[in-house]
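What follows is a single structure, written as structure tokens, with notes after it.
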Amino acid sequence: MPAARITRLTESDWEQFAELRLRALAETFSTSDKQYLAEARFTPADWRRRLRDHAQFVVVPADQPVGMIAVHQESTETAYVYSLWLEPAARGRGLGRKLVAAALDWARRRGVRTATLRMAPDNAAARAVYEGLGFTEIPTGSAWGEVVMRLTLA
Ligand SMILES: CC(C)(COP(=O)(O)OP(=O)(O)OC[C@H]1O[C@@H](n2cnc3c(N)ncnc32)[C@H](O)[C@@H]1OP(=O)(O)O)[C@@H](O)C(=O)NCCC(=O)NCCS
């Protein structure tokens with residue numbers, strides 16, 4: 001099988017981005033979830049703006065994208081990684097790691113020194129991907145909230 005491609009979406013890909021993002025929200029939460037309903041009302045201009053403001057990468061093992069990740073440069077020093085998702089049939093093949101690595105490469109090329117992200121404390125698959133790439137948990141003092149992870153970029 002050929003290696004999966006990682007591609008950064010541009011504004012002209014907004015329909016593909018909208019379709020994948022809404023599929024991710026529906027699968028992760030549901031089509032009655034507040035976030036899903038808000039983004040389902042996005043106009044083409046809203047999707048285009050998101051593609052302009054934040055880098056969005058998709059993974060394409062054959063001819064269709066099966067997963068995505070987003071990264072946003074928060075300051076000259078830091079980038080925030082979010083919205084990692086693979087459709088269920090594409091999990092367990094190392095594609096999650098490839099997506100996170102692409103987001104980190106993008107941040108490195110921009111001279112960013114630190115990447116952060118948030119995850120649910122019981123998400124073992126996500127934790128394995130992030131820790132495998134060197135992220136470590138930052139103590140937040142929260143007993144049950146989201147976990148914050150950080151990586152210093154070389
Ligand atoms: C999180 C996610 C992107 C992981 O991507 P993936 O490509 O399926 O990850 P892989 O199957 O390659 O697994 C990566 C590592 O996690 C481990 N892993 C996978 N599923 C696991 C599980 N349920 N429990 C523990 N470890 C698990 C693998 O063994 C592997 O470890 P290794 O690198 O030491 O071999 C994917 O599961 C997903 O899309 N989940 C739903 C959305 C989500 O949770 N996103 C993260 C939000 S923070």
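Both ligands and their constituent atoms are indexed starting at 1 by order of listing.
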**Message:** Only heavy atoms of Met119, strictly under 4.0 Å: list the atoms of ligand 1 that pass.
**Reply:** 48 (S)
**Prompt:** Is it true that atom CZ of Arg127 has more than 12 heavy atoms of other residues, nucleotides or ligands lying nearer than 6.0 Å?
**Reply:** yes
**Asked** With respect to atom 15 (C) of ligand 1, which of Gly96, Ala126, Ala128, Ala120 exhibits the smallest heavy-atom separation?
**Response** Ala128
**Asked** Side chain, backbone, both or neither: which part of Tyr82 has a heavy atom under 4.0 Å from ligand 1?
**Response** neither
**Fill in**
Going by the 4.0 angstrom heavy-atom rule, the piece of Asn123 near ligand 1 is side chain
**Prompt:** If we ignore angles and hydrogens, is there a donor and acceptor under 3.5 Å between the side chains of Arg21 and Ser83?
**Reply:** yes
**Message:** Against ligand 1, does Gly94 come closer than 4.0 Å with any heavy atom?
**Reply:** yes
**Request:** Note the single closest protein heavy atom to atom 27 (C) of ligand 1, along with its residue, its atom name and the distance in Å.
**Result:** Ala125 CA, 3.8 Å
**Prompt:** Is Glu87 in contact with ligand 1, taking contact as a heavy-atom separation below 4.0 Å?
**Reply:** no
**Prompt:** Hey, is atom 29 (O) of ligand 1 under 4.0 Å from any protein heavy atom?
**Reply:** no
**Asked** Any chain of hydrophobic side-chain contacts (each under 4.5 Å) joining Val71 to Val59?
**Response** yes
**Prompt:** Looking at side-chain heavy atoms only, is the closest gap between Tyr130 and Leu84 below 4.5 Å?
**Reply:** yes
**Asked** Judged by modelled atom types alone, do Tyr82 and His54 share a side-chain donor-acceptor pair under 3.5 Å?
**Response** yes
**Message:** Checking the side chain of Asp33 only, and the main-chain atoms of Ser30 only, is there a donor and an acceptor separated by less than 3.5 Å?
**Reply:** no
**Message:** Could you check whether atom 34 (O) of ligand 1 has a protein contact, counting only heavy atoms that fall below 4.0 angstrom?
**Reply:** no
**Prompt:** Would atom 2 (C) of ligand 1 count as contacted, meaning some protein heavy atom under 4.0 Å?
**Reply:** no
**Message:** At under 4.0 Å between heavy atoms, is it the side chain or the backbone of Arg127 that contacts ligand 1, or both, or neither?
**Reply:** neither
**Message:** Are any of the N/O atoms on Arg97, whether in the backbone or the side chain, positioned under 3.5 angstrom from an N/O atom of ligand 1?
**Reply:** yes
**Prompt:** For ligand 1, is there an atom lying under 4.0 Å from some heavy atom of Leu95?
**Reply:** yes
**Message:** For atom 12 (O) of ligand 1, is there a protein heavy atom at a distance under 4.0 Å?
**Reply:** yes
